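Please read all numbers here as calculations on a predicted model, not as lab measurements. Within every chain, numbering begins at 1; the chains are lettered A, B, ... in the order of the sequence lines, protein sequences first and strands thereafter.
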Protein chains: 2
Amino acid sequence: MVTLKDISRDVGLSITQVSRALGGHTDVNAATRERVQLAATRLGYRPNAIARSLKTGRSGIVAMIVAGSRDPDSNAHLFEIVMGLSAEISALGLQFVLHVGQPGADVVKLHTELYRSGGIDGFVIIGPSPADPRIKCLTDLGAPFIVHGRDPEQPHPFVDIDNFDVGRTMADHLLSLGHRRIAFLNGPLSEFFAIQRQRGVDAAFAAHGLSVDPALMRSITMIEPQGRSAARDLLQLDNPPTAIIAGNTMIARGVYHAAADAGVSIPGDLSVLAHDDGLELFPAAGFEPPLGGTSAHLSAAWISLSADLKQIIAASKTPMHNRILDLTFDKGSATQSILVDRSMPVGP
Amino acid sequence: MVTLKDISRDVGLSITQVSRALGGHTDVNAATRERVQLAATRLGYRPNAIARSLKTGRSGIVAMIVAGSRDPDSNAHLFEIVMGLSAEISALGLQFVLHVGQPGADVVKLHTELYRSGGIDGFVIIGPSPADPRIKCLTDLGAPFIVHGRDPEQPHPFVDIDNFDVGRTMADHLLSLGHRRIAFLNGPLSEFFAIQRQRGVDAAFAAHGLSVDPALMRSITMIEPQGRSAARDLLQLDNPPTAIIAGNTMIARGVYHAAADAGVSIPGDLSVLAHDDGLELFPAAGFEPPLGGTSAHLSAAWISLSADLKQIIAASKTPMHNRILDLTFDKGSATQSILVDRSMPVGP
DNA sequence: CTGAAAGCGCTTACAG
DNA sequence: CTGAAAGCGCTTACAG
């Protein structure tokens, strides 16, 4: 490995001066600087990241720790998160450590030990639950971190979208078209984003002087098979919904399949909207008829998240750096007006 | 941050002795050792990974660098690779850095710079192409690494399966049942594993005194949509295949869909086999009728790969550490015998 | 069994 | 504009 000492010997200058020349300091003779830089290039010098870290107290490494899981469901989403995040973090000149724990590992302990061992500048937290122990732990440690999403129970830096608005916007559109029997295939209510979306849906109904039918509100794992079976269920009701709001495009795909299976036509018999995270593997674009709904690309979140985390690390005193990303809405094929509520009590 | 100095002050011993006590050296008084360990636990001491790295010349970090890609196709597989690899590497007490480059980034340069900067002990290379520049680069650098798969043009440590046997086994089974018009939906022939599988298929035909119909050998991107369209194509031939070998379960899913679309019954009209990588997101288990074929779980590869890489790093002189993992075969629903070749020239 | 010293490769006051 | 020195936190001969 080529070190400053090698260059120093090569050009006949002190290590100090070589360091300064390479570091771009002003108090170095221009000719000297050039001579040093040439030698560094010729010898293939790369500053030793370890030594620099020890001196500066910063490693340039950020980590994400995820609990291991034999459950592919919970992983489907994770893929795009990991790839997108890594790409953005790498682009910022930082290294991204992905630590996949053993199933059942103590994630809080992993964060603590990794941080205490001094090699990690900061952390990314995804999928926070209310009163998330990881957030509490990192806050107590004074470790820099940023959260994708929000924990309503404790203050922390985050990047998120307005999930209340997600639910409200889609429900409002359908209500405005005259739909009354609207189902919502929401994510797990243990997570704040799902709670907020439900609140948004509730609020849209309230704004129309109505209230939701609890039997049409479902909380499911957000993947295609679950969406399909939940939709099959809904379509078999005596009084089936005329519209379904899906929490993401994977659920929506399940809804499309279930509708086809049941001989229910979209958008003729059933309007479908979904929130679109802009996932590459599960694009909203492939649907026939077109899938409408709210949209906020996760890729934008990774860019913000990485940049904000870098700044938080540099600031060293964690600022409450919050950011709400934009949301767009497209009605897709959900343009079917319903003049009279089709739903009527059905006699036995 | 708690350092040796803090413990040293706390217990009234030299830093040297504290280090030895914690390091589990024998030449330390048992009572002293206990006292030191207690203090370390009480103060929440974790050895500073950076300092240790600088001293020992080893960071405990291994990296995988993948070219960024806006193409989801190439990513589908990567997910399970990344998660599985990270889990195994983490389990071994190493850190796993995932570096996703910008689209079009110079991957060789990234490896070089990352290694030269001294923070990385070794690398994992996946999906090698013949005469792979990454392998050449790391070999030249003298950097420890291991490859999943093989580059036939240069020697290097690897973990792989016998892909010749994959092709040979599946083709032989079908030939033995009497099938003659056998299609093969293979992966890209730019990769050695696909070349080997083709050779295996060729060899099985040769062993039966036959040779393949080049029109039935297809090289495609190994995902469902491509498998589906390739299979649709094959089933529309004047003289369609009676059996299809799929390179993986995603392709097989496409074949099942295409068969359903075309009204072709499996296994009545068409036998299907596939190689199964044991992917969680694309399980071979969900098929109806059951999907047979060769099988080698990637999860086993990650375990071997991680353990071997750790050993290579420790040895510091890269040994040619090669490993061929086991393959199993199950015929699934592909039990349909064909007494006479159904294929006959069809007049215009 | 214990401690003082050197050194991993770098950065950065401090002194010239 | 340049250099000698200290120090980041650790490990490890070397000497007692």
Here the distance between atom C1' of D:dC1 and atom CG of A:Asn29, to the nearest Å, is 7 Å
Is the closest side-chain heavy-atom distance between A:Asn48 and A:Thr3 below 4.5 Å?
no
Using 0.5 Å steps for rounding, measure from the CG atom of B:Leu305 to the CZ atom of B:Arg323.
9.5 Å
Each nucleotide of nucleotides 6-16 of chain D classed B (base within 4.0 Å of a protein heavy atom), S (only sugar-phosphate) or -, in 5' to 3' order, makes -BBBBBBB---
Sorted by chain and residue number, the side-chain contact (heavy atoms from CB on, under 4.5 Å) partners of A:Leu38 (sequence neighbours excluded) come out as none
Test: ring-ring contact (aromatic ring centres under 6.0 Å, His included). Region: residues 91-130 of chain A. Which pairs qualify, not counting sequence neighbours?
A:His111-A:Phe123
Output all residues satisfying side-chain contact (heavy atoms from CB on, under 4.5 Å) with A:Leu54, sequence neighbours left out; order by chain, then residue number.
B:Ile50, B:Ala51, B:Leu54
Any base atoms under 4.0 Å from A:Thr32, or only sugar-phosphate, or nothing? Heavy atoms, all strands.
sugar-phosphate
Is any side-chain heavy atom of A:Ile135 closer than 4.5 Å to a side-chain heavy atom of A:Pro128?
yes
Within the 4.0 Å heavy-atom criterion, would you say B:Asp27 contacts the bases, only the backbone, or no part of the nucleic acid?
base
Paired stems touching DNA chain D, three or more consecutive Watson-Crick or G-U pairs with both distances under 3.5 Å?
C:1-3 with D:14-16, C:5-12 with D:5-12, C:14-16 with D:1-3
For the pair A:Ser117 (side chain) and B:Ala49 (backbone), establish whether a donor and an acceptor sit closer than 3.5 Å, ignoring hydrogens and angles.
no
Looking at residues at least two apart in the chain, or sitting in another chain, which of them share a ring-ring contact (aromatic ring centres under 6.0 Å, His included) with B:Phe158?
B:His156
